[in-house]
Amino acid sequence: MKKGRVFSGARPTGQQHIGNYLGAIQNYVALQDDYECIYCIVDIHALTTLEDTHLLQANIREMALDWLAAGIDPQRSIMFVQSHVPEIAELFTYMGMTTPMGWLTRVPTFKEKVRMHPDNVNYGLLGYPVLMASDIILYKADTVPVGEDQLPHLELTREIVRRFNSIFGEVFPEPKAKLTEIPLIVGLDGSAKMSKSMDNQIDLAVSDEETLKRVKTAFTDPTRVRKNDPGHPDKCNVYTLHGAFTTSVFPEKFMAIAHDCKQAQIGCVDCKKLLGESINEFLRPFRERRAKLAENPGVLDEILADGAKRASAIAKETLREVKEKMGLL
Ligand code: ATP
Ligand code: MG
């Protein structure tokens, strides 16, 4: 007997990075034991900001490879591409009828995107949270593994659900977020979030050399100017990442880092080199599995087609119920 239903999605705007992995994918994999899991590559969401879509199909495949190599098991879980189940567009339209406009114009990420791209403020961008809510509730999911950055959106999903249920009766569960132990990874440039659209990330599938090169650029404890200054590991993102990677691959080395940093016995350059080596060691089995999977593109297509078929069966049932409640049937 499963504990409930999980849904989560990610935008195919690039490869998955260690922030995605630590904040979300780790849970995608772990939850498969106890939940019925549905993982979606949300290509329609990508269209809200992507001006050039020629990379979309390639990105979808890269994301599917990342997820499979990380341990999503297509036998147990449904993995599919959002636009392959067109019922989402229909539910999105219905949910738009009960979601007040003011809730959407207030969303901080909407305001930020308007500031950053004033020439591309489209209706889809405003409706993003309605589409996200529709994704989750089309499958009546109750649990949503996401990074901390998504909590405000999930709260809005809950409000959208409550409003719909209060008008038309209890149709959807109010989904809850499920966070990992490290729910927010800071960007290599020190900005608040590692993000593929900010180019401040370490992708999972890059080479060992590229990983070492990227880690070298990581922002560290700003109060440590010279090598002899004592460091503050609790304020350093590199130390947080040691806690995620070094602790499992080189546990004895991890034990020494905090002490050596505080005593200025290890400099930031060496500390980052060790982190790069840990990430490479940690991701070695992932990278090997991914390379093998990439040799057989036909299998990937089959997995995504099978996922869409299974997702569509659930989606159709939910839609029938929604239409009945709304008086459309
Ligand atoms: P984009 O810049 O295109 O929005 P992204 O890097 O934010 O990309 P998403 O595809 O939006 O990645 O997010 C996929 C999942 O990974 C979401 O659940 C999100 O909360 C989580 N996630 C993204 N970035 C981080 C991060 N820095 N730390 C923890 N979790 C993250
Ligand atoms: Mg994002």
Side-chain angles (χ1 to χ4, degrees), residues 5-16 20 24-25 27-28 31 35-68 70 72 74 77-96 99 104 109-110 113 122-147 149-150 153-154 156-157 160-161 172 175 177 196-197 300-319 322:
R5 187 175 281 163
V6 160
F7 179 96
S8 196
R11 305 189 330 136
T13 46
Q15 293 200 1
Q16 298 277 268
N20 298 138
I25 302 173
N27 262 347
Y28 296 177
L31 290 165
Y35 291 78
E36 206 184 324
C37 294
I38 305 177
Y39 298 119
C40 184
I41 299 171
V42 291
D43 54 348
I44 307 176
H45 278 287
L47 297 178
T48 57
T49 52
L50 216 65
E51 282 143 46
D52 184 356
T53 56
H54 79 281
L55 283 177
L56 197 51
Q57 290 307 313
N59 284 343
I60 289 171
R61 303 184 74 81
E62 296 291 333
M63 182 167 272
L65 285 175
D66 280 338
W67 284 2
L68 290 170
I72 290 184
S77 301
I78 295 177
M79 190 176 102
F80 76 108
V81 178
Q82 187 184 28
S83 68
H84 295 182
V85 180
E87 282 80 5
I88 184 61
E90 197 176 340
L91 184 60
F92 173 53
T93 304
Y94 300 149
M95 297 311 292
T99 306
L104 302 174
T109 47
F110 172 69
K113 282 185 172 144
N122 54 63
Y123 171 58
L125 198 60
L126 181 70
Y128 193 109
V130 184
L131 184 57
M132 174 171 160
S134 303
D135 278 325
I136 299 167
I137 63 182
L138 184 55
Y139 304 98
K140 295 199 175 182
D142 46 51
T143 305
V144 185
V146 280
D149 61 298
Q150 289 299 322
H153 287 152
L154 205 66
L156 189 48
T157 291
I160 291 171
V161 164
F172 302 115
K196 47 183 137 70
S197 51
L300 204 58
D301 291 330
E302 279 168 30
I303 290 171
L304 294 174
D306 176 63
K309 209 165 109 194
R310 287 152 69 199
S312 170
I314 306 171
K316 285 196 162 69
E317 251 186 49
T318 308
L319 260 187
V322 168

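Here, residue 1 is the first one in the sequence, and each next residue gets the next number.
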Q. Given side chains that start at C-beta, do those of Asp306 and Met79 come closer than 4.5 Å, heavy atoms only?
A. no

Q: Report yes if the side chains of Ile41 and Asn59 come closer than 4.5 Å at any heavy-atom pair, otherwise no.
A: no

(Q) Return the CD to CG distance between Glu36 and Leu31, rounded to the nearest 0.5 Å. (A) 13.0 Å

Q. Hey, does the side chain of Asn27 reach the backbone of Pro145 with a donor-acceptor pair shorter than 3.5 angstrom?
A. no

(Q) Between Asn122 (side chain only) and Thr48 (backbone N and O only), is there a donor and an acceptor less than 3.5 Å apart? (A) yes

Q) What pair of heavy atoms forms the shortest contact from Ile303 to Pro74, and how long is it? A) CG2-CB, 3.7 Å

Q | For the student: nearest non-hydrogen atoms of Ile25 and Ala70, plus distance | A | CG2-CB, 3.6 Å

Q) Hey, are the side chains of Glu62 and Gln16 touching, using non-hydrogen atoms and a 4.5 Å cut-off? A) no

Q. Got Tyr94 and Leu319 here, is their nearest side-chain heavy-atom distance under 4.5 Å?
A. yes

Q) In Å, rounded to the nearest 0.5 Å, how long is the span from SG of Cys37 to CD1 of Ile72? A) 8.0 Å

Q) Can you tell me how far the CD atom of Glu317 sits from the OG atom of Ser312, to the nearest 0.5 Å? A) 11.0 Å

Q | Nearest non-hydrogen partners of Leu138 and Thr318, listed with the distance | A | O-OG1, 2.7 Å

Q: Over all heavy atoms of both residues, which pair between Val42 and Asp135 is shortest? Give the atoms and the distance, please.
A: CG1-OD2, 3.9 Å

Q) Of the non-hydrogen atoms in Ala315 and Glu87, which two are nearest, and what is the gap between them? A) CB-CB, 4.0 Å

Q) Are Met95 and Ile137 side-chain neighbours, meaning at least one heavy-atom pair lies under 4.5 Å? A) yes

Q: Any chance you could measure Asp43, atom CG, to Gln82, atom CD, to the nearest 0.5 Å?
A: 5.5 Å

Q.
Are Val144 and Gln150 packed together at the side-chain level, in the sense that at least one heavy-atom pair is separated by less than 4.5 angstrom?
A. no

**Q.** Taking every non-hydrogen atom, the tightest pair across Arg11 and His45
**A.** NH1-O, 3.3 Å

Q: Classify the ring geometry between Trp67 and Tyr39 as parallel (under 30°), tilted (30 to 60°) or perpendicular (over 60°).
A: perpendicular

Q. Below 6.0 angstrom between ring centroids: does that apply to Phe80 and Tyr139?
A. yes

(Q) Do Leu104 and Pro129 make a side-chain contact, defined as non-hydrogen atoms from C-beta onward lying under 4.5 Å apart? (A) yes

Q. About how many Å separate CD of Gln15 and CG of Asn20, when rounded to the nearest 0.5 Å?
A. 11.0 Å

Q. Just one of Val6, Ile314, Ile136 clears the side-chain contact (heavy atoms from CB on, under 4.5 Å) bar with Ile38, so which one?
A. Ile314

(Q) Rounded at 0.5 Å granularity, tell me how far CG in Leu47 sits from OG1 in Thr13. (A) 11.5 Å

Q: Determine yes or no for a side-chain-to-main-chain donor-acceptor pair under 3.5 angstrom, with Asp142 supplying the side chain and Pro175 the backbone.
A: no

